[in-house]
Amino acid sequence: MLDINHLSFSRGNHKLLDNVSARLPTNQITALIGPNGVGKSTLIQLLTAELLPDSGSVINHAKHVAVLSQHNQLYEPLTVRELLQLSHAKMDEEVINTLQLTPLLDQEMTDLSGGQQQLAWLGFVLQQQPDLLILDEPTTFLDLHFQELFLKTLQQLQEKRQMTVLMVLHDLNQAFRYSQHIWLLRRTADLVSEAAVLMQNQIDLLSEAFETPLQLIKTPNQTIIQPK
Ligand SMILES: Nc1ncnc2c1ncn2[C@@H]1O[C@H](COP(=O)(O)OP(=O)(O)OP(=O)(O)O)[C@@H](O)[C@H]1O
């Protein structure tokens with residue numbers, strides 16, 4: 001679906017990516033994680049051809065790529081229905097029902113809470129029926145309720161529709177819970193690609209990458225990552 005081959009990119013004399021190669025797992029959710037300023041958004045811009053690499057290439061076999069960022073701007077007042085119809089005239093009932101948008105369809109976007117607006121924007125990109133969906137910190141401004149709702153509904157629709165999803169997340173527990181695969185971008189300008197299975201060797205890797213001692217806490221139902 002998407003291959004990165006020997007990609008290098010610098011901003012000024014700051015090397016963000018140094019000869020990075022990786023294959024994005026098809027029909028799975030991959031979480032892109034890494035410390036602030038390491039180059040996650042830059043990598044997304046390289047994947048979507050908003051930026052050109054210094055060397056190397058991105059081979060994108062997707063038929064339809066949709067991108068959602070943390071801040072999405074409207075250039076004219078629109079209701080939720082109008083926003084959804086902008087992306088595709090035929091309303092996708094499954095998307096609308098899963099995202100619980102039905103009661104909001106005739107409301108102005110500007111009258112909605114931040115969490116409701118972000119769900120409407122998720123509807124906007126899903127209406128385009130992408131086979132590759134890229135999300136850059138989509139839950140950053142949402143409270144816990146909307147973060148969980150957003151990620152759960154995204155996961156449900158990804159499973160049903162077999163989309164390939166790459167999303168930048170800052171919350172490591174959410175990254176491991178809602179993805180099958182992890183891409184860790186490090187300050188050494190390389191990318192570590194791993195299955196999202198929490199194990200001690202991953203915690204050591206993450207502690208080093210985030211320059212924060214982390215530990216695994218096992219509860220009867222789940223394993224979580226916490227600072228030591
Ligand atoms: N348009 C730009 N022009 C010059 N430098 C930039 C630009 N955008 C980002 N940078 C720099 O590139 C580096 C990587 O930024 P980027 O936004 O890709 O990191 P990030 O991992 O997404 O960060 P965060 O987690 O804080 O969102 C940073 O040092 C940033 O200051």
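Numbering of ligands and ligand atoms starts at 1, following listing order.
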Residues K15, D54: salt bridge by 4.0 Å N-O rule: no

Nearest-neighbour protein heavy atom for atom 26 (O) of ligand 1, which is reported as residue plus atom name and distance: N36 ND2, 2.9 Å

Shortest protein contact, atom 20 (P) of ligand 1 (heavy atom only): K40 N, 3.5 Å

Protein contact for atom 14 (C) of ligand 1 (heavy atom, distance under 4.0 Å): yes

Shortest protein heavy-atom distance from atom 16 (P) of ligand 1, along with the residue and atom involved: T42 OG1, 3.7 Å

Non-hydrogen atom of G39 closer than 4.0 Å to ligand 1: yes

Joint hydrophobic cluster, F124 plus L157, side-chain heavy atoms closer than 4.5 Å: yes

Which residue and heavy atom of the protein sit nearest atom 27 (O) of ligand 1, plus the separation: E137 OE2, 3.1 Å

Between CZ on residue F9 and CG on residue L51, distance to nearest 0.5 Å: 4.5 Å

Gap separating the CD atom of Q118 from the CD atom of Q147, nearest 0.5 angstrom: 11.0 Å

Check: L166 and L32 side chains under 4.5 Å, non-hydrogen atoms: yes

4.0 Å heavy-atom contact, Q45 with ligand 1: no

Nearest heavy-atom neighbours spanning N19 and S8: N-OG, 2.9 Å

Over all atoms of both residues, closest heavy-atom pair of M109 and Q117: O-NE2, 3.1 Å

P35: numbered ligand 1 atoms lying under 4.0 Å from its heavy atoms: 21 (O)

For atom 28 (C) of ligand 1, closest protein heavy-atom neighbour: G37 O, 3.7 Å

E208, CD atom: more than 12 neighbouring heavy atoms under 6.0 Å: no

Reported CG-to-CD distance for the pair L126 and E94, which is rounded to 0.5 angstrom: 9.5 Å

Protein contact to atom 11 (C) of ligand 1 [nearest heavy atom, distance to 0.1 Å]: R11 CD, 3.5 Å

Contacting atoms of ligand 1, where contact means under 4.0 angstrom from a heavy atom of H170: 25 (O)

Closest protein heavy atom to atom 17 (O) of ligand 1, given as residue, atom name and distance to 0.1 Å: S41 CB, 3.8 Å

Test of proximity, V38 against ligand 1: N or O pairs below 3.5 Å: yes

4.0 Å protein heavy-atom contact status of atom 1 (N) of ligand 1, strictly under: yes

